[in-house]
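Quick caveat: nothing in here was measured; it's all calculated off a predicted structure.
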Amino acid sequence: MDLLEPTRYAFYLLFTGDPALWRIIFTSLYCSLAAIALIAPPAVALGFLIAIVSFPGRRALVVFSQALLSFPTVVVGLVIYMLLSRQGPLGFLKLLFTPEAIIIGYMVIAFPVLVVFTLSAVQGADPRVHETARSLGARRLRAAWTTLFEVRFGVMAAVVNSFGRVVSEVGCAIMVGGNIAGLTRNIPTAIALETSKGEFAQGIALGFVLIVLALGVNVALSVPQGEGGMK
Amino acid sequence: MDLLEPTRYAFYLLFTGDPALWRIIFTSLYCSLAAIALIAPPAVALGFLIAIVSFPGRRALVVFSQALLSFPTVVVGLVIYMLLSRQGPLGFLKLLFTPEAIIIGYMVIAFPVLVVFTLSAVQGADPRVHETARSLGARRLRAAWTTLFEVRFGVMAAVVNSFGRVVSEVGCAIMVGGNIAGLTRNIPTAIALETSKGEFAQGIALGFVLIVLALGVNVALSVPQGEGGMK
Amino acid sequence: QELRLGTTYTVEDSGLLKVLVPAFERARSIKVRAVLAGTGQVLRIAEKGDVDVVFSHSPADEEKFVAAGFGVARFDVMYNDFVIVGPAADPTGIRGEKDAVGAFKKIHARRAKFVSRGDDSGTHKKEQFLWRSAGLVPKWPDYLSTGQGMVRVLLMAGELQAYTLCDRATFSAQRAKAGLEILSSGDPRLRNEYGVIAVNPAQHPHVNRQGAQAFVEWITSEAGQHLISNYRIGGEQVFFPGAKSRR
Amino acid sequence: MSIVALELKSITKSFPQRELLRGVDLALQSSNSYVLTGDNGCGKTTLMRIVAGLEPASGGAMRFEGVAIDLRRYPETLRRMLVYVHQQPYLFHTSIAHNIAYGLKMRGVPKHQRELLVGEAIAWAGVGHLTDVLPHKLSGGEKQRVALARAKVLRPRLMLLDEPTANLDSDARRQTLALIETLRHEDVTVMIASHDREIIAMPHVERLHLEAGRVSAA
Amino acid sequence: MSIVALELKSITKSFPQRELLRGVDLALQSSNSYVLTGDNGCGKTTLMRIVAGLEPASGGAMRFEGVAIDLRRYPETLRRMLVYVHQQPYLFHTSIAHNIAYGLKMRGVPKHQRELLVGEAIAWAGVGHLTDVLPHKLSGGEKQRVALARAKVLRPRLMLLDEPTANLDSDARRQTLALIETLRHEDVTVMIASHDREIIAMPHVERLHLEAGRVSAA
Ligand SMILES: Nc1ncnc2c1ncn2[C@@H]1O[C@H](COP(=O)(O)OP(=O)(O)OP(=O)(O)O)[C@@H](O)[C@H]1O
Ligand SMILES: Nc1ncnc2c1ncn2[C@@H]1O[C@H](COP(=O)(O)OP(=O)(O)OP(=O)(O)O)[C@@H](O)[C@H]1O
Ligand SMILES: [Mg+2]
Ligand SMILES: [Mg+2]
């Protein structure tokens, strides 16, 4: 099977500004970036808290959050579908089969990922970071910020990972988005469609497009990540 | 929609030893655990190496590995499908639509996850860990092992995350495994099937079964993770 | 107000949807959002009122859907037929068999490799109907129940050099890739009916009743039927207009 | 007229396996300097960390400048009045200047004034030639100097210095002794945990000895 | 009959911004003890780390017991012959006993002998009452003692001690001085980087001074 031709064609469409392809790309980026931007602050904060506050059941909570990483995204999609369905409790919002529904799903999927990896990064930080900040007069919030900044490599890895998860998942996006052309079709659901048509090469070409986009996003995200964390 | 009933039924089947359900569970666990067991050693080693050896292009390699986290699993599935297909270069192995094909796919999916998060964990480690080990006479390999043991919390987070990724993914497993009942059907592909049949509640119930399993695996994995990393 | 059309992958995969939707949008100035899903899934989301009109091919389920009050009425739109395909070598010798049930009996007798959709789709329902008609229960090691879409099942059958039941449109589109041949066709029991149903506004007051009505009218009208009969895959007609004069 | 800056009443600290502090009573007069001596592991660091609100005490009471301090809900305002310098200081992985500026920023000192103070502090620490070196690359003594400068620049009411001279060369040690002398005149109370004979022998520095979980003047 | 244990020839080390070591020449006689003095940041730690193979030199040559050492491909065997104790030692997050046993394990010392040696070392470090405390909870001085014990137990040919007494109380310091004395008689060469006057003033300890990137006997 020839991969070169479809890939070249996909990039050709990309650069000639094929509106259908760009619409798909836009939906992918818009939904995943919006979801991460919305959910990262609370999730990172929670991961930080679990890492530094010790309370009974903390260890169990950590293991449970880790287990949530195994939750299939399509099940997240199913649950959100049932909530957003016209008959569901949130049906009145009319969010089903819209990009916003996908964003909600992505937020749910990204949440445990961000919590677990922020936790892991903060856990690995030198406890003196937080103490030094506090001792120099930083209030709780500011000290937390300083600590997160010291482990920025790990926190950005968490963000990058959650982005990777949502931007490449298909189960939830197809379930709550409906894979509607021109509205909720994004790169993975488009790949699913190509695959279901037997157009495997096209699917792989779209995968390459996604990787190039992800590379761009990661380069952008790696600027704040910096060399600071590198020893 | 009633969730309680199907969930109760799923767990009923589980405990009454319904062979079809247990077969699905077995496939899920066998493929994901085998893949992680096979790929974790080289991937963790590579992540370690990238973290401690500095060479030109290292930073670019890190960003690239992170971008690989965004690669849709179905595309991994497509590529492996084409390799294992009858006309493909590895067709003579007759691996397509077998659990072993799924294992190969899982290994490819887990690889960058393990590399990136091992890297991130080792990066965050105190550089004196490795130096102390070396200075006390540990050879390279042993010193690496000691370092990984010191950051075991992070390394286990990497393992747990890669397990979560593969055990919940559907694109690759369905593509190279074929979702064959009694052979390559696993929990996520069974969920996909239930979903396509409109049996949403059944799908969600299977999702709960998966979470319970993941919890078990995570508890088992968290024993070596230990409190050591907790400060 | 836009119209939400719930339809199955088979319709999209054949390429027909890309012809029908824009034509309808132009004809009636109604924006269509096509939601794609498996057959069971389409009916389920329609049942919950999340789409306005359904276009699928599983007559038995569709009748049940209407009977339960979820749909206003079911109308025939078009049909094609299913074909039994398999490897050129045809180890069970069903080539040219006009009787689909007879062909299935031979496959069963030889315990030949057979890939089943296994997903309760229209195609799967048809397959089950044929096994039932043959008085057989399909259960042997090389009878593979896969739970996948038509194209993937066809390609799987190609990979495994197995038999399968496939609709003609999909087979025409994938013939080259699958490397299988039509071995048995023409039995009237292999007819594949596509129908359209407007979701019942009595159950779901919020649905786009006018839009759904317009779609049902248009697709069963002269214009819609004409488009269907003119649609070609590789020069081959794969759908046949089937709308009876509307009751 | 001597005001009590810090008063501790029967501070205790125990671990599951052992009782480290068994009732520390202590009163530090304002603007005086104290050196806390005691064997390794006797609890000097722990005691200072309790005072600084970095670790909970198991029991006891504390008053700062006459005000009772709830050790379980350590007040934010108190954190701005005292500063603790770790035995092995941690420098943020940013820059020397950012490290020294950090506490000033927290106190809302305006930028131009901050820059002035940071410049002075860098010169005092003798690391002017290292401003573009990442803080974690500094030598042990340099780190300690920067940490000291970072605390000194805040002019707190009470300074808790944990073995401040442990890694210092003779010049820096002399400078630190001078700093302690200066702080005394600037109305800053200083408590130093140290094994350094020069510090212990300093004039105007009162000696406190921690042994068997209790503090006694020595 | 004095054998040269370690010989350094024009060792240099430069950073993009500065030249730290400008050609260090050095010869340590076997079984002798040396103290390396010099201002903070003069390069003591860096020099010892180069010798221990923890950091690359920019240039120069090294011989150990007469054998030329390729500093770019630091030989594994040499690692077993010398041991470097960090200025701020790191203890593995396992247990005190495991920390001390680590180097012995690497050298293949059998279990029963290892246990014996570890027991002795724990007693020497005076941390027998802390065996069930996690190493990172130890006090600064306790950590330094354990690190010293962890190195001492290996009986290397050359010991590089970076400020070993910085956080020690007077007892432990005395004990360390005694250790240095003992090692001299046990045919171990010792090099100590230190600002500690007591160490610098020890009899039988030769003084080396690092200044402006060069070492001179002082
Ligand atoms: N969780 C714990 N359980 C038991 N003992 C502990 C625990 N945490 C700390 N310790 C012990 O409590 C003591 C704390 O001592 P601290 O650090 O306050 O000593 P110090 O007087 O500052 O000593 P140094 O002069 O060495 O710095 C140490 O002996 C340490 O081992
Ligand atoms: N990458 C770098 N670029 C520039 N300067 C550096 C770099 N890394 C380290 N340095 C400087 O090199 C010197 C290293 O000193 P070293 O740690 O060897 O000193 P030392 O003699 O052990 O000092 P101390 O007595 O304080 O322990 C320090 O001044 C440090 O700031
Ligand atoms: Mg201390
Ligand atoms: Mg040093």
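Contact check for C/E159 versus B/L84: no side-chain heavy atoms found under the 4.5 Å cut-off.
C/Q161 touches chain B through its side chain: at least one heavy atom from C-beta onward sits under 4.5 Å away, while N, CA, C and O do not. Heavy-atom distances place both the backbone and the side chain of B/R86 under 4.5 Å from chain C. Using a 4.5 Å cut-off between heavy atoms, C/T39 touches chain B through its backbone atoms (N, CA, C, O) alone.
Side chain of B/N179 to backbone of C/T146: a donor-acceptor contact under 3.5 angstrom is found. A donor-acceptor contact shorter than 3.5 Å is absent between the side chain of C/R44 and the backbone of B/S196. C/Q148 places a side-chain N or O within 3.5 Å of a backbone atom of B/G178 that can act as its donor or acceptor partner.
Between chain B and the options C/D120, C/V153, C/T8, heavy-atom pairs under 4.5 Å are most frequent for C/D120.
Distance check, rounded to the nearest 0.5 Å: CG of B/L183 to OG of C/S145 gives 12.0 Å. A distance of 12.0 Å separates CD in B/E199 from CG in C/D119, rounded to the nearest 0.5 Å. A distance of 14.5 Å separates CG in C/L43 from NZ in B/K197, rounded to the nearest 0.5 Å.
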When you look at C/V115 and B/F97, which way does the side chain to side chain contact (heavy atoms under 4.5 Å, CB included) test go after all the steps? CA-CA 12 Å; C/V115 183; B/F97 309 135; over 6 Å; no
For C/L155 and B/Y81, what are the C-alpha separation, side-chain angles and deciding distance, and is it a side chain to side chain contact (heavy atoms under 4.5 Å, CB included)? CA-CA 11 Å; C/L155 295 180; B/Y81 178 91; 3.9 Å; yes
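No side-chain donor from either of C/Q41 and B/T195 sits under 3.5 Å from a side-chain acceptor of the other.
Counted within 6.0 Å of CZ on C/R209, heavy atoms from surrounding residues, nucleotides or ligands total 12 or fewer; the atom is thus considered open.
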